[in-house]
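This report concerns only the one structure given below.
Residue numbers start from 1 in every chain, and the chains themselves are labelled A, B, ... in the order their sequence lines are given, proteins ahead of strands. This one's a predicted model, so the numbers in the text were calculated from it and none came from an experiment.
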2 protein chains.
Amino acid sequence: MAHADLAASTEQALGGAPRKQQLIERLTAELPADIVLHADEDLRPFECDGLSAYRQVPMIVVLPSTIAQVQTTMRICHDNDVPVVARGAGTGLSGGALPLDDGVLLSLAKFNRILDIDTDNRRATVQPGVRNLAISEAVSHLGLYYAPDPSSQIACSIGGNVAENSGGVHCLKYGLTTHNIVQIEIVTVEGERLTIGSSALDSPGFDLLALMTGSEGLLGVIVEVTVKLLAKPELARVALVAFDDVRKAGDAVAAIIQAGIVPAGLEMLDNPAIVATEEFVHAGYPKDAAAILLCEVDGTEAEVEEDIERVREVVEREGATEVRISRDDGERALFWAGRKAAFPAMGRISPDYYCMDGTIPRKALAEVLIGIGELSEEYGQRVANVFHAGDGNLHPLILYDANQEGELERTEAFGGAICRLCLEHGGSITGEHGVGVEKIDQMCVQFPSAELTQFHAVKEAFDPKGLLNPGKAVPTLHRCAEFGAMHVHNGELPHPELERL
Amino acid sequence: MAHADLAASTEQALGGAPRKQQLIERLTAELPADIVLHADEDLRPFECDGLSAYRQVPMIVVLPSTIAQVQTTMRICHDNDVPVVARGAGTGLSGGALPLDDGVLLSLAKFNRILDIDTDNRRATVQPGVRNLAISEAVSHLGLYYAPDPSSQIACSIGGNVAENSGGVHCLKYGLTTHNIVQIEIVTVEGERLTIGSSALDSPGFDLLALMTGSEGLLGVIVEVTVKLLAKPELARVALVAFDDVRKAGDAVAAIIQAGIVPAGLEMLDNPAIVATEEFVHAGYPKDAAAILLCEVDGTEAEVEEDIERVREVVEREGATEVRISRDDGERALFWAGRKAAFPAMGRISPDYYCMDGTIPRKALAEVLIGIGELSEEYGQRVANVFHAGDGNLHPLILYDANQEGELERTEAFGGAICRLCLEHGGSITGEHGVGVEKIDQMCVQFPSAELTQFHAVKEAFDPKGLLNPGKAVPTLHRCAEFGAMHVHNGELPHPELERL
């Protein structure tokens, strides 16, 4: 059901009366009145998530603290055909938790308890609103940690991580969220509670756990998550490697992997990113370098010593102009401090920035970076690149000023061109930030209608009325036709690899 | 649609005439006549897969060699409501590729070409009938290999591996099939071709690739697979560790993992398995040991030397009576020879054996092995255990004689009791062999009806008529009610953990 139709049917289901008022009455009849927010000043704080360029005040916010309250909310909304957007910490960067003006924003913020830590099986069971970093903090004294570490890990919630299949600096070695969770509890759109996955190695039946992971709130509401815990590595060291040429840096990334080394993290910053971060945090980055790599290896002492020397050999062969290896954990933290502050550093040199999230095969790194540079000149907008090089997961940051007439639009067009560039090189429009509202039109470029149709069929298997987070992640074929993106499949784009898309 | 209803509707769709003859005519009108087999002597070889206790001659066999022929076959069967069972090498152990007497057996045996090897991105694209081991053989000269290595890897096909989400000795470190593939091409039940997944790190939209993996042929026909390739480790060494007590061996497995070692393989054999294999292949296993572990570590020389010594320390602390470490690749192969021949070795001491496939949390290993021993006495049947201890993936082999009246039935009952034992310890009824026909009733024990209902909804999103491999993997609620397994949810089973199932 298209969203416009849905609004009409909501109107109808609630009998044509002022539907907001009626829904408030139905919700407060079964839920504590203080968890149902509806005054404008209470709703305003929820108008956007981490993608602040898009704002929408929700009709109503519900703040449950028990699974039963989530079930009640879902049942009432389902019975009344009211759409629901679930939200964790609201740090998402693609507008996946943007509210709807005729919908309920279901905040899981109060679900912030760690329920169980099972050291024997190395699992932790937590509520979805628990912050990513809080899990590692809670098990640190046991020598354990939770591996996926998105940049926002101090703030983002594990439920949101599951919904977006979040990655992070260390996912090259330790995998995405989907590789680090074993079981979730969800509440369905009808308000039923369902356990998905199991604590065993491989659960029979369809892999609904992987299906739910990264489904951006379209299939169910996550109310509990059981994650894997890993033993903290004995030692980690990071090499800070400088290059005088972006192409050499890109090739060095491929060469490190080619050598059979599996770095715990392998990040890259180009010159604009180096300069901005160095002036902000003084991590000691060489401001004249065209690009730097941060390559971390971890494991036992013997492994780390051997691997870091192999990294040095490879990057020197690839033309590195400087290689510095962290001597202790303090220096290691300093080397990373620049990378971690790279996004805020942009805020010092530009009023706004727009973070893209394409992925490409590693071998195409150098070529795509050069292509982004060319697009930057074409669109007349500055770009800084700071990204997960080992995964081929780019984060071009387009610098702009939202207060300048037309700049946001030009930035979005530039972003679209970067997406197409990634696709032309056999990549994808998003690596870890999700599709949300931001990249929904780009989905039309990446996927042929047969696959989109299959996505809709799966969506219908969980949410026949289309009430869960409508308008996000998966575009309707109608929308794609309007966007005019079908041209990719008709071969109008030059690159032959696109024939297969 | 239940399978009985389906047969009736097939009859109807084909107009009540001898439907086999009519379907042959429709197929041969569009396909080469020599790929449509229908004579009894041609059909007979297809009557079973690796689970030979179940046999059924198919109505017709189609042996396509092009994707277009698969599409044609699917379209004709779909138009005529004829069920289709796809099969790769037919080595599956749960009857997942058992034919139907009113259905088409679609053999992918001719899809045996390696289409592309991409060393830059470490990918190989192959047809589904390519044997698992053939992939590693084809890239061996490049220093690469494909990691998942089921025991049947010399014979089993990669398409079947995807359908069953196969594991193997090395999946503890390198993951299951689902972790080692990036893209598949499928033909839908309607005969449409669809690309699922991408060569990028993380594809947006729902994770249909993970959903298809392990779906046992219920969602589509796999016609192309792109796998990840890994660099062959520089060195591998294996420790052969003996114990005088099964409990100590089980605890040592947990202790190795607890110590933060990630073995490339960690296998266990109990005394009956040791004796049978040693008398067969003379690998040097100590026949008086209650259990042995084979613990392999791989990596660079420094890593391996360090890890294998840590393994020695841990197992000695856990009470090992003997530790032998392979001195070279020859001795390593010898240590593994026994494990690899364990299944055939059973054929020498028993006319038949029934291989179970439960998984349990590692910490429960010792307790479950002791429980299986008690069940063995209760049922009066011998059991040998040879299994992936590191994953908690048991393979109890129940020894029996199918020619003895009632022995198969007693064996199946014993197998059911082992499944329940695994579930009682928080495990699963199958680790890597799939559900197929063999464990379909046990699915009723593992899953509550809400989750089974969700499985059916997903199935319907891909195959609304229920024509793909009906009667396998996911039981109907009706079937579960008949099996009487709903009692689990009513709390009649003693173990409190079952309350949650």
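- Taken to the nearest 0.5 Å, the CD atom of B:E301 stands 8.0 Å off from the CD atom of A:E306.
- Contact of B:L209 with chain A is not made at all, since no heavy-atom distance falls under 4.5 Å.
- Contact count versus chain A (heavy atoms, under 4.5 Å) is highest, among B:R310, B:Q258, B:E234, for B:Q258.
- Both the backbone and the side chain of A:A302 come within contact range of chain B, judged by heavy atoms closer than 4.5 Å.
- Proximity to chain B is limited to the side chain of A:L218, based on heavy atoms less than 4.5 angstrom apart.
- For B:A450, the parts sitting under 4.5 Å from any heavy atom of chain A are the backbone and the side chain alike.
- Taken to the nearest 0.5 Å, the CZ atom of B:F206 stands 8.5 Å off from the CD atom of A:E216.
- With respect to A:Q454, the side-chain contact (heavy atoms from CB on, under 4.5 Å) criterion is satisfied by exactly one of B:I196, B:I186, B:L194: B:L194.
- Counting heavy atoms from C-beta outward, A:P204 and B:K439 have side chains that stay 4.5 Å or more apart.
- The shortest non-hydrogen separation linking B:G260 to A:A231 is CA-CB, 4.4 Å.
- With respect to chain A, the highest number of heavy-atom pairs below 4.5 Å among B:T213, B:V474, B:N121 belongs to B:N121.
- Residue B:H179 touches chain A through its side chain alone, counting heavy-atom pairs closer than 4.5 Å.
- For a residue to count as touching a neighbouring chain, one of its non-hydrogen atoms must lie under 4.5 Å from one of that chain's; by this rule B:L230 does not touch chain A.
- Of the listed residues B:R193, B:K459, B:R122, the one with more heavy-atom pairs under 4.5 angstrom with chain A than any other is B:R122.
- The structure places CG of B:D120 at 10.0 Å from CZ of A:R362, a figure rounded to the nearest 0.5 Å.
- Looking at B:E192, only its side chain comes within 4.5 Å of chain A, counting heavy atoms on both sides.
- Separation of atoms CD (A:E460) and CD (B:E460) is listed at 9.0 Å; rounding is to 0.5 Å.
- Taking 4.5 Å as the limit, every side-chain heavy atom of A:D207 sits out of range of all side-chain heavy atoms of B:M212.
- Neither the backbone nor the side chain of A:K232 comes within contact range of chain B; no heavy atom of the residue lies under 4.5 Å from a heavy atom of that chain.
- For the set B:E305, B:H388, B:K363, the entry with the most heavy-atom pairs within less than 4.5 Å of chain A is B:K363.
- Nearest heavy atoms, A:E303 versus B:E303: CG-CG, 2.8 Å.
- Per-residue heavy-atom pair counts under 4.5 Å with chain A were compared for B:L208, B:V435, B:T178, and the maximum is reached by B:L208.
- Contact annotation for A:V458: both backbone and side-chain heavy atoms come within less than 4.5 Å of a heavy atom of chain B.
- Ranked by heavy-atom pairs under 4.5 Å with chain A, the list B:G299, B:G205, B:G214 is led by B:G205.
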